[in-house]
Amino acid sequence: MSIPDKPSLEGLEAKWRQRWADEGTYRFDRSKSRDEVFSIDTPPPTVSGALHPGHVCSYTHTDFIARYQRMRGREVYYPMGWDDNGLNVERRVQLLTGTRCDPSLPYDRDFRPPEKVGRKDKPIPVSRPNFVALCGEVVEKLEETYFDLWSDIGLSVDWSYGYRTIGPEARRASQRGFLRLLARDLLYRSESPTLWDVDFRTAVAQAELEDREIPGAYHKLRFRGPDGEDLWIDTTRPELLPACVAVVAHPDDPRFQPLFGRAATTPLFGAEVPIVAHELADPDKGTGAAMICTFGDTTDVTWWRELGLGIRTVVDRDGRLRPVTWGSPGWESTDPARAQAHYDELAGRTVRQAQARIAELLAETGGTQGEPRPITHPVKFWENGSRPLEIVTSDQWFIRYPDKDAMLARGKELAWWPDFMRVRYENWVNGLQGDWNITRQRFFGVPFPAWYPIDTEGRVDWLSPILASEDSLPVDPTADVPAGYDESQRNQPGGFAADPDVMDTWATSSLTPQIVTGWVDDPDLFARTFPMDLRPQAHEIIRTWLFYTVVRSHYEHDALPWGNAAISGFVFDPDRKKLSKSAGNAPDDPTVLISTYGADAVRYWAAGGRPGMDLALEPGQMKIGRKLAIKLLNASKFALGLESTTAGTVTEPLDRSMLAALADLVSEATAAFDRYDYARALERTEGFFWSFCDDYLELVKNRAYGADGEAGQASARTALGLALRTLLGLFAPFLPFVTEEVWSWWQEGSVHRSPWPDADALREVAEAGAATVADEPDPAVLAVVAAALSEVRKAKSEAKRSMRTEVTSVTVTDTPERLARLDLALDDVRSAGRIGAIEVVP
RNA sequence: GGGCGCGUAGCUCAGUUGGCUAGAGCGCUGCCCUUACAAGGCAGAUGUCGGGGGUUCGACUCCCUCCGCGCCCACCA
């Protein structure tokens with residue numbers, strides 16, 4: 001046993017961080033079988049943004065569980081992944097290196113980005129392979145800062161297991177998953193309307209949409225009805241008039257009953273379009289009739305699909321109106337020349353410019369009535385985008401969703417912590433529309449293992465992919481060649497073309513359980529760790545990450561990917577505002593918090609956020625955590641200085657009472673942890689610990705010194721030793737550094753590999769010290785005795801006397817039951833209170 | 001518009017199936033260098049439990065309703 005004279009938190013973190021790494025304290029023992037393992041599908045942090053306290057908070061929550069399960073005897077599989085795949089990384093790399101990917105450029109072997117990044121608006125164009133390589137470099141550096149943070153905060157991750165979402169394992173798994181779904185017709189390629197970001201030139205999935213309130217205006221357009229009468233239509237998108245393919249009204253709307261099945265004619269373009277009925281048309285909106293354009297919004301897509309309408313595409317992928325020829329098939333007009341003249345005014349303009357121009361044209365030709373009426377309305381944006389989404393048709397890969405009942409059943413099967421989070425999942429499943437588009441027109445991502453044949457005329461057949469074989473994965477179709485072809489045939493008539501796109505990042509991260517457990521690369525590991533036990537994650541990505549992962553596992557394994565989902569809340573600053581992500585040495589920079597308060601203290605703060613609850617960023621809580629850690633050092637030093645031992649008999653009623661109360665605490669903390677309520681486990685442990693220090697230690701210290709004979713001394717020493725060991729165990733998941741330090745003073749091995757405290761064993765010790773068979777240990781004795789001691793202190797405090805003031809006599813008045821309990825530890829009270837005599841009065 | 005969560009001391013939050021005078025910590029006030037700890041210890045004060053109804057012997061806890069905050073979802077012509 002070696003106890004420092006002046007225990008301190010100084011240097012503990014570096015010391016134990018190193019020791020744990022050297023000794024492999026958290027190493028996963030892969031000889032263990034599935035039922036002995038607790039496996040965690042750690043969220044791979046997006047290696048693109050700044051670190052903020054929210055990261056620390058939620059990852060620490062997972063670590064509490066990991067450490068608890070490890071002490072419970074489970075072999076914890078706790079790897080870390082890195083999400084370095086996708087658009088966020090591309091943007092970060094563009095910013096950090098001052099480059100931009102231009103896929104038309106050839107690979108430049110010697111390219112290096114400039115030391116100093118140039119002007120943001122003048123990026124250096126680089127080839128796709130060069131750009132992907134840059135992404136890899138940048139990501140590696142960022143991963144180091146993340147590694148440092150996770151180590152500093154004490155995550156008990158086994159760093160020898162892990163993955164990158166752009167790494168070979170992830171690419172193999174993604175491509176294998178792709179091929180298998182395709183083979184089962186659960187995945188298909190089709191040209192279809194797709195939400196499209198015109199700035200990033202990429203398709204966007206339903207889950208990445210957000211609504212933003214922006215100004216707009218109603219324009220009232222004069223269509224001509226079938227009998228030459230005016231038919232007024234309100235629209236916020238007049239520029240889409242040339243794309244109008246029908247006029248729609250509600251089937252029950254009496255105003256339009258006579259018109260259904262007949263035709264209207266558009267202003268400016270003279271296109272004859274059918275007047276159709278659909279219940280999505282709202283009689284109370286505008287004039288009750290709407291124009292259906294291909295495509296202004298998702299409702300247009302629904303109408304177009306369900307009513308089997310034609311298509312007139314005017315918005316191109318760059319967000320400008322493309323040239324079209326009026327009078328050609330599909331672009332019929334009652335006056336093609338006039339239509340063309342009007343359209344030529346719009347072609348080449350952006351949507352916004354075209355809107356302004358067409359409003360003028362309409363006004364000039366009497367096609368509108370009155371001024372546009374300004375409104376503010378919600379418009380769909382991509383969450384990363386800056387201009388409203390357009391809808392374009394293009395070739396995309398889609399995964400079919402399983403039927404809703406199957407998905408809802410999976411949601412029920414999963415244990416949610418907290419349970420109410422299941423509702424978010426169910427809401428999302430019930431609101432699903434269309435299939436899951438997994439195609440992104442980007443560069444840094446997992447490519448599709450597909451090529452397309454080119455006919456002798458040079459036309460690519462985008463709907464007849466040539467697929468890679470599973471054993472050739474991962475492939476990069478832009479670098480690899482399909483079987484039966486050679487490189488010279490790339491992009492040649494009679495040859496092949498690579499699939500130009502990459503997978504949506506969710507198409508890969510929906511397979512994190514499979515990737516991290518070795519589905520493709522390590523079947524032995526897979527058998528020992530899958531399905532996994534726990535998915536910890538944030539609530540805002542239930543509809544994406546969680547949902548998609550359930551879908552993939554449902555298809556691949558006909559099972560849930562994990563048994564439990566622990567959903568963490570947000571971190572708020574004390575003003576109750578959501579934390580901004582602008583960090584970087586800000587007061588809320590987690591590395592600053594850790595160096596200021598200590599890792600254990602920051603973890604203590606994080607433990608206050610139960611699953612699903614938001615947590616305020618509060619330095620005050622961190623101070624308390626630091627105080628607690630220091631108290632643990634000092635109290636432990638004191639207890640151990642009294643020659644505490646964990647072997648022996650505990651005979652004194654007060655000691656037995658303390659152990660019984662401690663056993664109850666262990667039971668409660670264990671039950672709380674099993675419900676993922678680590679916050680309660682800590683709260684109760686902390687409460688017990690402070691009263692243990694304030695009351696129990698004071699009550700027994702003189703006896704432990706030997707003031708009351710050997711039997712009483714031995715009892716106290718054993719009780720102190722058992723209590724200390726138990727408390728260190730209960731605190732270990734929360735305060736790994738300080739508990740390990742204290743543990744090392746007097747115990748072998750690591751506290752983090754020691755067994756979780758055993759309530760029954762404590763009760764047995766408490767019972768074994770009984771004087772008679774009926775003498776049950778009574779947790780209330782300690783409470784009564786502590787209350788009495790507190791009264792004595794209060795009297796001294798009110799008399800403004802020192803606590804060491806001698807008291808000649810004390811009279812205690814209470815119920816006979818409580819006095820009987822007090823009587824069991826009268827000598828300890830006298831000793832702690834420096835009391836000469838105690839008289840009890842019922 | 002629909003759903004979920006939250007609203008308890010100045011602040012951050014506990015309060016498990018309804019049950020004795022509603023709790024903790026921080027902060028505040030006072031006292032104490034007590035042989036583990038003065039970056040400490042001891043003690044004290046502090047509440048219309050968001051408002052209003054209802055059920056009940058009894059409601060912070062259950063039901064209804066309203067108010068406020070947050071989040072998720074929604075077809076946005």
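For the numbers below, each heavy atom of this structure counts, side chains included, while hydrogens, waters and symmetry mates do not. Given the structure is predicted, the values throughout are model-derived calculations rather than measurements. A, B, ... follow the sequence lines: proteins, then strands. Residue 1 opens every chain.
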Salt bridge flag under 4.0 Å for residues A:Lys412 and A:Glu426: yes

State which of [options] makes the closest approach to the side chain of [X].
| X | options | answer |
| --- | --- | --- |
| A:Lys637 | B:C75, B:A36, B:U34 | B:A36 |
| A:Thr235 | B:C32, B:C73, B:A77 | B:A77 |
| A:Asp297 | B:C26, B:A36, B:A77 | B:A77 |
| A:Asn427 | B:G41, B:C37, B:G2 | B:G2 |
| A:Phe420 | B:G5, B:G41, B:U12 | B:G5 |
| A:His539 | B:U34, B:C71, B:U35 | B:C71 |
| A:Phe638 | B:A77, B:A43, B:A36 | B:A36 |
| A:Arg793 | B:A77, B:C42, B:A14 | B:C42 |
| A:Ile624 | B:A43, B:G25, B:A36 | B:G25 |
| A:Met803 | B:C73, B:A43, B:U34 | B:U34 |

[N] pairs with, by Watson-Crick or G-U criteria that keep both distances under 3.5 Å:
| N | answer |
| --- | --- |
| B:C33 | none |
| B:U17 | none |
| B:A24 | B:U12 |
| B:G70 | B:C4 |
| B:U46 | none |

Integer-rounded Å distance: [N] [atom2] and [X] [atom1]:
| X | N | atom1 | atom2 | result |
| --- | --- | --- | --- | --- |
| A:Tyr604 | B:A24 | OH | P | 14 Å |
| A:Asp694 | B:G40 | CG | C1' | 11 Å |
| A:Glu791 | B:A43 | CD | C1' | 11 Å |
| A:Leu9 | B:G40 | CG | P | 12 Å |

Between [N] and [M], how far apart are the two [atom1] atoms, rounded to whole Å?
| N | M | atom1 | value |
| --- | --- | --- | --- |
| B:U55 | B:U12 | C1' | 34 Å |
| B:C62 | B:C4 | P | 15 Å |
| B:C28 | B:U46 | C1' | 9 Å |

Touch class at under 4.0 angstrom, heavy-atom based, for A:Lys794 against every strand present: sugar-phosphate

Closest-nucleotide ordering on RNA chain B, the 5'-leading residue of A:Lys701 and A:Glu686: A:Glu686

Most 5' of A:Arg680 and A:Leu280 on RNA chain B, judged by nearest nucleotide: A:Arg680

A:Trp416 and A:Tyr425 aromatic centres sub-6.0 Å: yes

Centroid-centroid under 6.0 Å between A:His539 and A:Phe570 rings: yes

Parallel, tilted or perpendicular: rings of A:Phe692 and A:Tyr696 (30°, 60°): parallel

Trace of the ring pair (Phe, Tyr, Trp, His ring centres under 6.0 Å) decision for A:Tyr401 with A:Phe547: CA-CA 11 Å; A:Tyr401 288 130; A:Phe547 170 70; 5.5 Å; yes

